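Here's the structure we're looking at; comments come further down.
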Amino acid sequence: MEVTWQDQQNINTFSRFNNRFHELEDEIKFAKEKCDNLEDAGNELILADEEMVRFQIGEVFAHVPKDEVETRIEEMKEATCKTLEKLEQEKQSLISQMAELKKVLYAKFKDSINLEED
């Protein structure tokens, strides 16, 4: 079976989508962990009795008022959740684009091409 230039472009595009899909899975996992950690930090902060708490800024811990830390954690959590949403949307978009390419490629190459992961 002859592979045309367009076929090769479709195969390359599928490969790029597949690589991005795996990158997204890792990014989503990291974002979920970060979101969970921020949720836990917020819950621990609620239980804290002190007015000044240690808050990590970069590589350093600083004593920061509890109210300010609560605000920062909430902002960080919102930003992380928004990022997570965007990553999930991109993942769903990639899944649908990959499904379309699979249809095209399997229609032409049938069993001669394997686009499934083991």
Side-chain angles (χ1 to χ4, degrees):
M1 180 166 292
E2 186 175 325
V3 178
T4 65
W5 183 84
Q6 185 60 42
D7 296 333
Q8 189 61 51
Q9 293 305 310
N10 287 341
I11 293 168
N12 292 346
T13 301
F14 183 86
S15 177
R16 282 193 303 275
F17 286 167
N18 193 44
N19 288 338
R20 179 63 183 145
F21 176 79
H22 289 290
E23 290 172 2
L24 280 173
E25 284 187 324
D26 291 340
E27 290 175 28
I28 288 169
K29 180 181 173 188
F30 176 75
K32 282 181 181 179
E33 288 175 4
K34 186 174 180 182
C35 201
D36 290 343
N37 289 342
L38 288 169
E39 181 70 33
D40 291 344
N43 292 339
E44 287 294 323
L45 194 58
I46 291 170
L47 300 174
D49 294 337
E50 303 155 3
E51 282 301 312
M52 299 290 279
V53 293
R54 291 179 4 169
F55 185 73
Q56 185 175 1
I57 302 172
E59 303 266 333
V60 180
F61 284 94
H63 288 280
V64 181
K66 182 179 175 181
D67 296 337
E68 186 178 333
V69 173
E70 286 176 345
T71 304
R72 286 188 184 191
I73 287 176
E74 195 60 39
E75 289 171 356
M76 291 166 66
K77 192 167 77 171
E78 286 176 18
T80 303
C81 289
K82 285 181 184 178
T83 301
L84 182 59
E85 260 182 47
K86 288 179 185 176
L87 292 172
E88 290 284 358
Q89 289 173 352
E90 185 180 350
K91 180 181 172 182
Q92 290 306 316
S93 173
L94 277 177
I95 288 172
S96 64
Q97 290 174 329
M98 288 169 66
E100 288 299 315
L101 283 172
K102 278 183 183 182
K103 285 180 193 174
V104 171
L105 293 169
Y106 278 133
K108 178 159 186 178
F109 296 107
K110 302 194 183 5
D111 292 338
S112 299
I113 190 168
N114 182 13
L115 302 174
E116 303 301 323
E117 295 187 37
D118 296 330

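For reference, positions follow the sequence shown, starting with 1. A quick note: this is a predicted structure, and the numbers were derived from the prediction, not measured.
In terms of heavy atoms, D7 sits closest to L105 at O-CD2, 4.1 Å. Between A31 and T80, the shortest heavy-atom distance links the atoms O-CG2, 3.5 Å. Nearest heavy atoms, V69 versus F55: CG1-CD1, 3.6 Å. Across M98 and N18, no two heavy atoms sit closer than the pair CE-OD1, 3.5 Å. The minimum heavy-atom distance linking A62 with I57 is given by the pair CB-CD1, 4.2 Å.
Separating the NZ atom in K86 from the SG atom in C81 is a distance of 12.5 Å, to the nearest 0.5 Å. To the nearest 0.5 Å, atom CD of residue E100 and atom CZ of residue F17 are 11.0 Å apart. Between the CG atom of L87 and the NZ atom of K29 there is a distance of 15.0 Å, given to the nearest 0.5 Å. In this structure, CD in E70 is found 11.0 Å from CD in E68, a value given to the nearest 0.5 Å. For the atom pair CD (E74) and CG (L45), the distance works out to 11.0 Å, reported to the nearest 0.5 Å.
Proximity of T13 to R16: side-chain heavy atoms (C-beta onward) are separated by under 4.5 Å at one or more points. Considering only heavy atoms from C-beta on, L115 stays 4.5 Å or farther from L101 through its side chain.
Checking side-chain atoms of S15 against main-chain N and O of I11 turns up no donor-acceptor pair under 3.5 Å. No side-chain donor-acceptor contact under 3.5 Å links E39 to the backbone of A41.
Screening E90, K91, E23 for a side-chain contact (heavy atoms from CB on, under 4.5 Å) involving I28 leaves a single residue, K91.
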**OP:** Mind running salt bridge (Lys or Arg N to Asp or Glu O under 4.0 Å) on R20 and E27 for me, showing each step along the way?
**Re:** CA-CA 10 Å; R20 179 63 183 145; E27 290 175 28; 3.1 Å; yes
Subject >> H22/E117 under side-chain contact (heavy atoms from CB on, under 4.5 Å): CA gap, chis, key distance, verdict >> reply: CA-CA 11 Å; H22 289 290; E117 295 187 37; 2.7 Å; yes
**OP:** Would you please test Y106 and N114 for side-chain contact (heavy atoms from CB on, under 4.5 Å) and show each step?
**Re:** CA-CA 8 Å; Y106 278 133; N114 182 13; 4.0 Å; yes
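Shown here is K77, whose NZ atom has more than 12 heavy atoms of other residues, nucleotides or ligands within 6.0 Å. Counted within 6.0 Å of CD on E51, heavy atoms from surrounding residues, nucleotides or ligands total 12 or fewer; the atom is thus considered open.
Salt-bridge annotation for K66 and E50: absent, with no side-chain N of the basic residue lying under 4.0 Å from a carboxylate O of the acidic one. In this structure, E2 does not pair ionically with K108, as no charged nitrogen and carboxylate oxygen lie closer than 4.0 Å. Look at R72 and E75 and you find no salt bridge, because none of the NZ, NE, NH1 or NH2 atoms lies under 4.0 Å from a carboxylate O.
Judged by distance alone, the side chains of N37 and E33 never bring a donor and an acceptor atom under 3.5 Å apart.
Residues L38 and F30 do not share a hydrophobic cluster, clusters being chains of Ile/Leu/Val/Met/Phe/Trp/Tyr side chains in contact below 4.5 Å.
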